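Below you'll find the structure, written out as C-alpha cells, and then a few comments.
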Amino acid sequence: MAQTLLVTGGAGYIGTHTLVELVAAGWQPLVYDNFSNGSREALARVARIVGREIPCIEGDVRDGAALDAVFAQCASAGAPVTCVLHLAALKVVGESIEQPVRYYDNNVQGTLVLLAAMERARVRRFVFSSSANVYGEPEALPYTEGHRISPTNPYGRSKSMVETVLRDVATADPSFSAVVLRYFNPIGAHPSGLIGEDPRGVPDNIFPYITQVAVGQLAALSVFGDDYPTPDGTGIRDYLHIVDLARGHVKAVEYAMAHPGWLVTNLGTGRGTSVLELVAAFEKASGRPVPCRIAPRRAGDIGEAWADPSLAARTLGWTAQYDIDTMCADGWRWQSGNPDGYTTSA
Ligand code: WQD
C-alpha cells in the first residue's frame with residue numbers, strides 16, 4: 001500500500017532540508033504549509049535537488065476541516081497518511097514574549113487541532129519539532145532529556161505544553177507513537193547552495209545574521225555580551241548542521257513507524273561553540289570579514305548550552321556528522337549565491 005507522510009511547515013528552513021532527506025530515504029512527503037514563513041520558491045528549489053515536484057497543499061494547522069479534507073483525499077487516492085511530521089510553528093523567542101497569544105494559538109492550539117484531525121482519520125504516528133528552549137537555565141551541562149523542564153519564554157512554554165499533550169495522548173492510546181525532537185541550534189545549508197535559511201526581516205538568530213553581514217546586507221554583528229563565564233566570555237551553543245538535523249527527522253519517522261509510545265530526544269552534536277569561535281570559523285570558511293561590536297547581553301539569554309546526544313544515538317541510530325567548518329562553508333555557499341534569499345533569481 002502506498003503511504004503519505006504529511007509534513008506541516010514543509011516549506012520552511014527545516015522543512016525543505018528535511019524533504020530532501022525524506023525523498024532520498026524513499027518517503028512520499030506531502031507538504032501542508034500556510035506560507036507565513038516558508039516559500040514556494042524554496043519548494044521549487046527542493047524539486048531541483050530531488051528531481052521531482054513535492055506535492056503541497058496550502059493550509060493552516062488551525063483549520064480542522066482543511067486537515068480532514070487532506071486526510072480524506074490521501075485515503076481515497078490509495079495513499080493514506082500514515083505519519084505526520086509537525087514542523088509548522090512560530091519560533092522567535094523575543095516575538096513570543098511580545099505576542100504570547102499569537103504563539104500559543106499557533107503552536108499549541110494548532111497542534112491540538114492537528115491531533116484531533118489525526119484522531120478522526122485514525123493516524124497514529126507523530127513526530128514533533130520541539131526545542132532545547134524547554135530546558136531553560138541549565139542545572140548541569142550537557143543537557144540530558146531528563147534535565148528539568150523550565151522554559152523562560154512563551155515560545156519555549158508552547159513547546160513544553162505540546163510535549164505534555166503528546167505524553168498524555170500516548171498514555172491514553174498505547175498504539176499512538178509520538179517522537180519529540182528537541183533541537184539545539186541548527187545552522188548552515190544544503191551543500192548545493194540552492195536552499196538555506198531565509199528569515200523574514202532582520203535575523204534574530206546569529207548565523208543568518210553573520211551570513212548577511214558577510215554578504216554585505218548588514219553592517220556588523222552585535223555580540224550579545226562578552227562577560228559570560230566562558231573561555232572567551234561569549235555565549236556558547238551546540239550548533240548542528242541543518243542536513244544532520246534533517247536526517248534526524250528521517251530516523252525519527254522510521255522510529256515512530258516501528259515503535260508506539262512517547263520518546264523525547266535531543267538533536268545536537270554534544271559540542272559547544274562560542275560566538276567568537278563561530279565568527280572566526282565563518283571568516284575562515286567564507287574568506288569574508290565579519291565586523292563585530294560587543295553589545296550588552298540579550299535579555300533572557302543563557303550563557304552556555306549544549307546537548308548530550310547519546311539517547312538519539314541509542315534509540316534513533318542518529319549522530320551528527322558535520323563539523324562547524326562545514327556548517328559555515330555550506331551556509332556561505334547558500335548566502336553568497338542568494339544574497340536576497342529566495343527572492344534572488346537562481
Ligand atoms: C545564539 C548565540 C546569542 C544573535 C534560539 C531559540 C531556540 C532555537 C534557536 C528554535 C547566543 C548570540 C545571537 C546576535 C549574538 N530556535 N547572538 N548576536 O538564542 O541559542 O536559540 O534560536 O527552536 O529555541 O531560543 O540562538 O542564534 O539567537 O543565539 O551574539 O545578533 O548567539 O547571545 O549566545 P539561541 P541565537
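Numbers here simply count residues along the sequence, with the first being 1. Because the structure is predicted, anything quoted here is derived from the model rather than measured. One-based numbering, in listed order, for ligands and for the atoms of each.
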Query raised in the report: For the residue pair Trp334 and Tyr342, is the inter-centroid distance of their aromatic rings smaller than 6.0 Å?
Result: yes
Query - Nitrogen or oxygen of Lys91 less than 3.5 angstrom from that of ligand 1 - result: no
Query raised in the report: Between Asp238 and Thr269, do the side chains contain an N or O donor and an N or O acceptor separated by less than 3.5 Å?
Result: yes
Query - Identity and distance of the protein heavy atom lying nearest atom 18 (N) of ligand 1 - result: Ser222 O, 2.8 Å
Report task. For the pair His86 and Phe128, name the ring-plane relationship: parallel under 30°, tilted 30 to 60°, perpendicular over 60°. Result -> tilted
Query raised in the report: Would you call the rings of Tyr13 and His17 parallel, tilted or perpendicular, where under 30° means parallel and over 60° means perpendicular?
Result: perpendicular
Report task. Would you tell me whether Asp323 and Thr326 have side-chain atoms, one donor and one acceptor, within less than 3.5 Å of each other? Result -> yes
Requested in this report: Verify the distance criterion only: is there a donor paired with an acceptor across the side chains of His241 and Asp330 at less than 3.5 Å?
Outcome: yes
Query - Shortest protein heavy-atom distance from atom 10 (C) of ligand 1, along with the residue and atom involved - result: Tyr155 OH, 3.1 Å
Report task. Would you verify whether the NZ or CZ of Arg288 falls within 45 degrees of the ring axis of Phe282 while also being under 6.0 Å from that six-membered ring's centre? Result -> no
Query raised in the report: Numbering the atoms of ligand 1 from 1, which are under 4.0 Å from a heavy atom of Val93?
Result: 6 (C), 25 (O)
Requested in this report: Show your reasoning for whether salt bridge (charged side-chain N to carboxylate O under 4.0 Å, His left out) applies to Glu41 and Arg45.
Outcome: CA-CA 6 Å; Glu41 174 58 21; Arg45 304 284 188 91; 2.6 Å; yes
Report summary line: Of all protein heavy atoms, the one nearest atom 5 (C) of ligand 1 is Asn205 ND2, 3.7 Å
Query raised in the report: Hey, looking at atom 29 (O) of ligand 1, which of Arg237, Glu304, Arg298 has the closest heavy atom?
Result: Arg298
Query raised in the report: Hey, is Glu119 close enough to Arg124 for a salt bridge, meaning N to O under 4.0 Å?
Result: no
Requested in this report: Give the residue and atom name of whichever protein heavy atom lies nearest to atom 24 (O) of ligand 1, and the separation in Å to one decimal.
Outcome: Ser131 OG, 2.8 Å
Report task. Would you tell me which option among Asn153, Leu278, Ile206 has the nearest heavy-atom contact to atom 13 (C) of ligand 1? Result -> Ile206
Report summary line: Within the 4.0 Å heavy-atom cut-off, what Leu221 brings close to ligand 1 is side chain
Requested in this report: Identify, by atom number and element, the atoms of ligand 1 in contact range of Gly235, meaning under 4.0 Å from any of its heavy atoms.
Outcome: 34 (O)
Report task. Please could you name the atoms of ligand 1 that Asp301 approaches to less than 4.0 Å, counting only its heavy atoms? Result -> 3 (C), 33 (O)
Requested in this report: Answer yes or no: does an N/O atom from Tyr183 fall short of 3.5 Å to an N/O atom of ligand 1?
Outcome: no
Requested in this report: Report the part of Phe207 in contact with ligand 1, treating N, CA, C, O as backbone and CB onward as side chain, heavy atoms under 4.0 Å; options are side chain, backbone, both, neither.
Outcome: neither
Report summary line: Among Tyr228, Tyr239, Phe224, closest by heavy atom to atom 14 (C) of ligand 1 is Phe224
Query raised in the report: Which class fits the ring pair Phe184 and Tyr135: parallel under 30°, tilted 30 to 60°, perpendicular over 60°?
Result: tilted
Query raised in the report: Which of these, Val275, Asn185, Val223, has its nearest heavy atom closest to atom 9 (C) of ligand 1?
Result: Asn185
Query raised in the report: Do Ser222 and Arg293 have side-chain atoms, one donor and one acceptor, less than 3.5 Å apart?
Result: yes
Report task. Run the numbers for me: atoms of ligand 1, each under 4.0 Å from some heavy atom of Asp204, listed by number. Result -> 4 (C), 28 (O)
**Report entry** Asn133, any N or O under 3.5 Å of ligand 1 N or O
**Finding:** yes
